[in-house]
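Here it is, the structure, as structure tokens.
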Amino acid sequence: MSFKFKVMSVFGTRPEAIKMAPVVLELKNHHTFQPLVTVTAQHRDMLDQVLNLFNIVPDFDLNIMAQNQTLFDITSKALLGLKSVLDQQKPDLILVHGDTTTTFAAALAAFYLHIPVAHVEAGLRTRNKYSPFPEEINRKLTGSLADIHFAPTQIAKDNLLAEGVDQNSIFVTGNTVIDALFMTVKKNFTFADSRLQNIDFKKNRVILVTTHRRENLGEPLRHVYKALKRLINTFNDLLVIFPVHKNPNVRQVVNEELGGVDRVLLIDPLDYEPFANLMARSNLILTDSGGLQEEAPALGVPVLVLRDTTERPEAIAAGTVKLVGTDSDNVFNAANLLLTNEFEYDKMAKAANPYGDGTAARKIVSILEDRFLSLGNS
Ligand code: UD1
Ligand code: UDP
């Protein structure tokens with residue numbers, strides 16, 4: 001076939017890149033498509049880490065990131081930058097992922113230009129406008145603009161149906177993060193960083209920590225870090241490994257509370273490959289991340305979620321994930337219980353993966369192919 005459908009994937013942050021990489025790679029395997037990649041680079045170094053790992057070279061790079069950027073900065077720069085790229089390239093479809101401000105701005109830009117939008121990881125909801133902020137509204141708005149919805153689970157599909165989305169436009173595919181995870185976690189992985197390679201995972205128990213949510217910045221994070229200090233003082237076999245997000249507002253409080261604390265290793269964000277393999281070897285994860293709530297159940301590592309709400313109820317139902325918020329006593333008590341009570345720990349430490357079998361990208365691309373072929377034949 002000589003005519004190819006031009007599908008442009010648009011993303012901007014680390015988690016979008018990780019979860020879109022399997023789709024971008026799969027699109028390249030199908031001669032039906034002319035795949036293009038546009039990055040807003042809402043994240044810079046954290047995005048480039050992922051692009052390098054998966055050998056993805058963007059066709060267009062808007063390079064919008066600025067230190068301490070506001071939501072207004074990201075939305076306006078992404079919208080205007082995407083206008084030029086979309087005007088010039090006129091793709092047949094754009095693919096966006098999840099719930100970042102890049103996601104919403106890209107869907108809006110495509111809508112303004114009458115370009116169809118397919119939304120990967122569609123239908124996640126907390127039903128709380130400000131939690132997570134601004135992601136809940138980003139994904140709702142993106143859902144309103146999208147023509148095709150790739151829901152990772154039946155629950156996500158039901159959320160969309162409840163909002164009146166046409167059932168023929170929703171496809172349950174599993175989450176592409178499981179595809180990425182399966183490509184990346186290896187039994188005998190060697191860490192290039194000697195600080196990680198030298199950890200004796202038999203002698204020490206490792207808590208892996210990540211934090212970045214906008215609604216947690218400031219005092220909530222401080223409370224969490226105080227709980228970590230208490231845990232370190234309570235258990236002398238404990239190591240905390242904390243790859244610190246590049247957001248300066250996170251970094252400042254981390255350094256104030258945890259800088260120089262014995263057995264707390266503060267490091268830069270890790271490449272996805274060592275990070276995923278470190279997750280697999282950790283005893284416990286404390287995080288406010290969305291993606292980690294999907295990855296950890298597949299690895300059987302208990303997660304305490306430093307948030308009051310989650311859009312990932314499947315992970316809670318699977319038993320691997322518990323919501324604990326950011327209150328210092330609550331965080332300490334929940335972790336303390338898991339570190340002292342083997343029965344409670346084992347209840348959570350089971351591999352139960354509700355997010356798919358690692359074939360989500362293949363399903364997504366095959367659905368797109370069917371749709372395009374039927375359009376071409378009509
Ligand atoms: C963004 C997304 C959030 C997603 C998260 C994943 C929005 C509004 N937020 O939040 O949904 O869960 O990414 O991590 O879309 N920075 C760097 N280098 C980088 C990345 C960030 O220096 O590679 C710093 C910059 O100072 C930047 C700040 O971090 O201004 C915050 O980045 P931003 O994308 O606005 O917010 P995140 O908290 O990363
Ligand atoms: N991650 C990574 N390196 C790190 C921390 C996280 O590669 O140092 C990965 C993690 O495995 C997951 C994704 O980044 O796939 C989650 O990103 P983040 O927590 O920033 O965003 P969220 O998922 O909350 O949107």
*Just checking, any donor-acceptor pair under 3.5 angstrom between side chains of Gln293 and Thr310?*
yes

*Do the rings of Phe3 and Phe5 sit parallel, tilted or perpendicular, given the 30° and 60° boundaries?*
perpendicular

_Listed once per pair and sorted, the side chain to side chain donor-acceptor pair (under 3.5 Å) pairs that draw on residues 142-153, sequence neighbours left out_ = Thr153-Glu314

*Does the side chain of Thr126 pick up a donor-acceptor pair with the side chain of Asn128 at under 3.5 Å?*
no

_Could you tell me if the side chain of Val7 sits less than 4.5 Å from the side chain of Phe372, heavy atoms only?_
yes

*Just checking, is any N or O donor in the side chain of Ser131 or Thr309 under 3.5 Å from an acceptor N or O on the other one?*
yes

*Side chains of Thr101 and Asn138: do they bring a donor and an acceptor to under 3.5 Å?*
yes

*asked:* Less than 4.0 angstrom from a charged side-chain N to a carboxylate O is my criterion; do Asp346 and Lys350 meet it?
replied: no

*asked:* I'd like to know if the side chain of Glu16 pairs up with that of Thr102 as donor and acceptor (distance under 3.5 Å, no hydrogens or angles considered).
replied: no

*By ring pair (Phe, Tyr, Trp, His ring centres under 6.0 Å), which residues pair with His97, not counting sequence neighbours?*
none

_Is the shortest side-chain heavy-atom distance between Glu121 and Glu294 below 4.5 Å?_
yes

Distance-only check: which donor-acceptor pairs under 3.5 Å involve side-chain atoms of residues 317-326, not counting sequence neighbours?
none

*If only atom types and distance count, is the side chain of Asn341 paired as donor or acceptor with the main-chain N or O of Leu337 below 3.5 Å?*
no

*Return the minimal non-hydrogen interatomic distance between Phe60 and Gln88, and the atom names on each side.*
CE2-OE1, 4.0 Å

*Do any pairs count as a side chain to side chain donor-acceptor pair (under 3.5 Å) and have a residue in residues 249-261, sequence neighbours left out, and if so which ones?*
Asn68-Asn249, Arg222-Glu256, Arg222-Glu257, Lys226-Glu257, Lys229-Glu257, Asn247-Asn249, Arg251-Asp268, Gln252-Glu256

*Is there a donor-acceptor pair closer than 3.5 Å between any side-chain N or O of Asp271 and the backbone N or O of Glu273?*
no

*asked:* Regarding Arg127 and Asn159, do their side chains bring together a donor and an acceptor under 3.5 Å, going by distance alone?
replied: yes

*With distance as the sole criterion, is a donor-acceptor pair present between the side chains of Asp73 and Thr70 under 3.5 Å?*
yes

*Qualifying salt bridge (charged side-chain N to carboxylate O under 4.0 Å, His left out) pairs, either residue in residues 156-183, two or more places apart*: Arg125-Glu163

*Hydrophobic clusters join Ile, Leu, Val, Met, Phe, Trp and Tyr when side-chain heavy atoms are under 4.5 Å apart, directly or via other members; which others share one with Tyr112?*
Leu79, Phe104, Leu108, Phe111, Ile137, Leu141, Leu145

